[in-house]
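Reminder, nothing fancy here: chain letters follow the sequence lines and each chain counts from 1.
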Protein chains: 2
Amino acid sequence: MSRIEDVAKAAGVSTATVSRALRGLPKVSEQTRAKVLAAATELEYVASPTASSLASGKTHVVGVVVPYVTRWYFAGLISGASEVLREHGFHVLLFDVGDEGPQRALLLDSRMLFKRVDAVLVLSLRLHEAERELLCRLNIPVVTVGVPDPNWPCVRIDDLGTTQQATEHLIGLGHTRIGYIGGDTVPSMDFPTPADRARGFRDAMARHGLDVEPSSVVMGDWSPLSGLTVGLELLGRPDRPTAVVAASDELALGILAAARQLGLRVPQDVSVVGIDDHEMAELYGLTTIAQPVVEQGRMATRLLLSAVAGLDTGHDVATVPTTLVLRTSTAPPTQP
Amino acid sequence: MSRIEDVAKAAGVSTATVSRALRGLPKVSEQTRAKVLAAATELEYVASPTASSLASGKTHVVGVVVPYVTRWYFAGLISGASEVLREHGFHVLLFDVGDEGPQRALLLDSRMLFKRVDAVLVLSLRLHEAERELLCRLNIPVVTVGVPDPNWPCVRIDDLGTTQQATEHLIGLGHTRIGYIGGDTVPSMDFPTPADRARGFRDAMARHGLDVEPSSVVMGDWSPLSGLTVGLELLGRPDRPTAVVAASDELALGILAAARQLGLRVPQDVSVVGIDDHEMAELYGLTTIAQPVVEQGRMATRLLLSAVAGLDTGHDVATVPTTLVLRTSTAPPTQP
DNA sequence: CTGAAAGCGCTTACAG
DNA sequence: CTGAAAGCGCTTACAG
C-alpha cells in the first residue's frame, strides 16, 4: 500500500501538505488540495492509523467495557454507543470482562487501555477500587452508564422510581397483597440498582400504608429461568399475593411462565408488572416500566465525545425518564 | 508515563535489550532480564501499543464484524470470540455495521480496517462484492461464521439438517399436516441460511411422501413479533396444520404466543418445534434443535488465531453438530 | 548475549 | 500557503 510520501511525490508537494490537505485542515489552497486529493485517490492512499496515532497521540478509539454482551440491556447499550461512535469516526474497542469478582482484577489492567483509547465508556459495571484508580490515572474522559461514580458523569434511569411507579400502578388497581421479585441474591453496596429497585417497592408500599410480608419478597439473578424458579415459590403458596412487581422483564417473563405452570390466569388470578420493556414483553402482553436502553448508550457516548473534544462535562448524573406501558398482564384483583 | 528509554537508563542497558527482555524473547541473560523487569515495575512502564504496532506491523487487534449486536445469536458469537481473543492477548475491535443493503457499502470501507487489525472475523454477514474484495486485498486472515465464502474458512451449522431433523421429529410423532415459518421475507442468494432451512423442511416432507400445502409455508423476519403475526395467520385457519416447524426459536416463541391468543393448547392442539435453543426456549418448554452459538464463536476465533500465527488453515467449512432437545411443545397429533 | 542505528509512517511546531 | 526537520516510542536486522 502507498505511503504519504508516495502521495507527496505524485502531487509534487511535501508530506506535511498532504497531511493537512487530506485531513481538511485550513490554510491549504484549493488548488493544492485538489492535486493532493487526486493523487491520494489515484494511489488508493489510506493513512496508517498506528502511525498517525503515534504522531498525534489520538487513537480515535473508545474503549467500551461491559460485564456481558449477551444480556439484552448491555447489547442495547453497546448498539447505541457504537452507532454514535461510528457517526463521529470513532472505533469501538470492546472489553467483555465478565462480572466475576476478584478474578477480574487482572482483566481490566493498565495494558489493556493505556495509550490504546481516547476515552472509556463503562457500562453498568461495578468497578473494583483498583480499576477505578487505574481509570483515573489514565487521565482520559470516562462516562458511566447505570452506576453513578463520583469521578465521572453518568447516564442512568431512576431505579428507585421504576419500581415505585410499578408498585403504585398495582396499588391504583386495588391490590394490597403485592409481592416483589428482585434481581440480586447477593446484595452489594457497589451495585446500587438491585437495592434501589427493592427500595422503590418498599417505599411505595409504605407510603400507602400497605404491609410487605417478608415471605413475599424473593430474589433471583435477573435471568428468566430464575424468575421461573422463584415465581413458582412465590405463587405456589396458598397465601400468594394478588400481584407481583418484578425487578426486570426477564424476571417477569419467568413469573408468567410460573403462573402458567401453576394454572393461574394472568391477570385474573395474578397481575404481573416488569421493568425494561424487553423485546419479548410485548409478545406476552407484559405491563412494564419502559427504559430507553439504546438511547442511554447514545447519550452517554455523546457526553463522552464532548469530553474528548475538550468540553467540560462535569460529574453530573443524567437521569432519563421511564414510562409505564400498559398491557394485559395487570388488572384489578378479582377478590378484593 | 515512562518510556522505554527511561527503563533502559534505570536498568543500565539499551532500549533494544529492554524490548527483548520484556517480551520474553530468548538470548537475554537471566540477570539482565531481572534487572529490566525490576526497573520496568518500578517505573510502572507499559509499552505504547501504537508505537510497537508501527514498528512491528502487528496490532494484536482483531476486527469483529456483525450486522447486529442485539440479536441473541450474534451476542453469543461475540461473547465466544471475545473470550478466546482475550485469552490470547488480543483485543476486539467491534464493527456493528447493520444489515442494510446498499447504504452499508461505505461503512465497511478500507479505512476502517486497514493497518488497524491483524485479522477479521465476519459473523454471519452477507458481504457485498466490494467488501469481499476489500477484505481480500487487506491480505490478512479472515474467518467467517454462518455464511460460507470461497475465499476463507467458515464455521457454521448444517442449516439444511436442522429443519430436516425438526421436521422428521414431527413426522415420527405421526404428524402429516405440518406448517413452516421461515425467517426471510426477501430471499437472497447471498445469505443461504433462510433458503437452506426452508429446503430442509421440504426435503424431509418429500422424503416421507408428505404434501406441503403452499398456504402452510409463511415468512417472518426472525423476530418474535413477526412470529406472532404469521403464527396468527397460519394457526387461525380452519385447516390449520397440526404441527409447525419454525426457522428459529425467536419465531417459535411468537408462534406459541399466537397459539395462546387463539386458545389453542400446545402440544395437544398444535405442536411447535424451533431451531437454536434460545435462553427462553427452556422457559416455555419449547422443543428445539440446539446449536452451540458461543462455541462457534470460539472455534472460529481459534481458527483465525492459527492463521495469524502463520498456520495454513485452508478454506474449509467446519460444520458443528446440532442436537434435538425434547421438551413439552411437541407430541403426537390428537386426531390422526 | 548486547548495543547502535535505522526505520515504521505519520503530525506538528517552526520558519519562511 | 508551504516545506524541512524533529519527534512520537517502539522493534529489528546487523554487527560485535
Practice prompt. Give the nucleotide from the list dC10(D), dC10(C), dT12(C) with an atom nearest to the side chain of A16(A).
Written response: dT12(C)
Worksheet entry | Listed nucleotide nearest any side-chain atom of R20(B), set dG9(D), dA13(C), dA4(C) | dA4(C)
Discussion item. Using the side-chain heavy atoms of S52(A), tell me which of these nucleotides is nearest: dG9(D), dT11(D), dT11(C).
Written reply: dT11(C)
Worksheet item: Between dT2(C) atom P and L25(B) atom CG, what is the distance in whole Å?
Response: 13 Å
Practice prompt. Write down the distance between NZ (K27(A)) and P (dT11(C)), rounded to a whole number of angstrom.
Written response: 18 Å
Practice prompt. Apply side chain to side chain donor-acceptor pair (under 3.5 Å) to T59(A) and D118(A), showing your working.
Written response: CA-CA 6 Å; T59(A) 63; D118(A) 291 345; 2.9 Å; yes
Item to complete: Give a yes or no on whether the backbone of N151(A) and the side-chain of D149(A) come within a donor-acceptor separation of less than 3.5 Å.
Response: yes
Worksheet entry | Pair assignment for dG16(D), Watson-Crick or G-U wobble, requiring both distances under 3.5 Å | dC1(C)
Worksheet item: For the pair made of CZ in R33(B) and C1' in dC1(C), what is the distance, rounded to whole Å?
Response: 11 Å
Fill in: Rounded interatomic separation in angstrom, taking NZ from K115(B) and P from dG9(C)
6 Å
Worksheet item: Could R137(A) and E133(A) be called an ion pair, given the rule that one side-chain N must be under 4.0 Å from one carboxylate O?
Response: no
Worksheet item: Are any of S53(A)'s side-chain N or O atoms less than 4.0 Å away from OP1 or OP2 of dC8(D)?
Response: no
Worksheet item: Rounded to whole angstroms, how far apart are CG on L43(A) and P on dG9(C)?
Response: 15 Å
Worksheet entry | N/O (side chain, T17(A)) to phosphate O (OP1/OP2, dG3(D)) under 4.0 Å | yes
Worksheet entry | Between CD on residue E44(B) and OG on residue S2(B), distance to nearest 0.5 Å | 7.5 Å
Worksheet, complete the sentence: Among dG3(C), dT2(D), dG7(D), the one nearest any side-chain atom of V13(B) is dG3(C)
Discussion item. Could you tell me if T17(A) and S14(A) have a donor-acceptor pair between their side chains, going purely by distance under 3.5 Å?
Written reply: yes
Practice prompt. Consider the side chain of V28(A), meaning its heavy atoms from C-beta on, and name the nucleotide among dA5(C), dG9(D), dT2(D) that approaches it most closely.
Written response: dT2(D)
Worksheet item: What's the CG-P distance between L22(A) and dT12(C), to the nearest Å?
Response: 14 Å
Discussion item. Does dT12(D) have OP1 or OP2 under 4.0 Å away from a side-chain N or O of R23(B)?
Written reply: yes
Discussion item. Which heavy atom of A307(A) sits nearest to which heavy atom of P141(A), and what is that distance?
Written reply: CB-CB, 3.6 Å
Worksheet item: For DNA chain C, whose closest nucleotide is more 5', that of S19(A) or that of S14(B)?
Response: S14(B)
Worksheet item: On DNA chain D, nearest-nucleotide positions of T15(A) versus S2(B): which is more 5'?
Response: T15(A)
Discussion item. Base, sugar-phosphate or nothing for T32(B)? Non-hydrogen atoms, less than 4.0 Å.
Written reply: sugar-phosphate
Practice prompt. Whole angstrom is fine here: how far is it from CD1 in I4(B) over to C1' in dC8(D)?
Written response: 14 Å
Worksheet entry | Length of the NZ-P vector between K35(B) and dC1(C), whole Å | 14 Å
Discussion item. Checking contacts here: which listed nucleotide (dC8(D), dC1(D), dC10(D)) is nearest the side-chain heavy atoms of A47(B)?
Written reply: dC10(D)
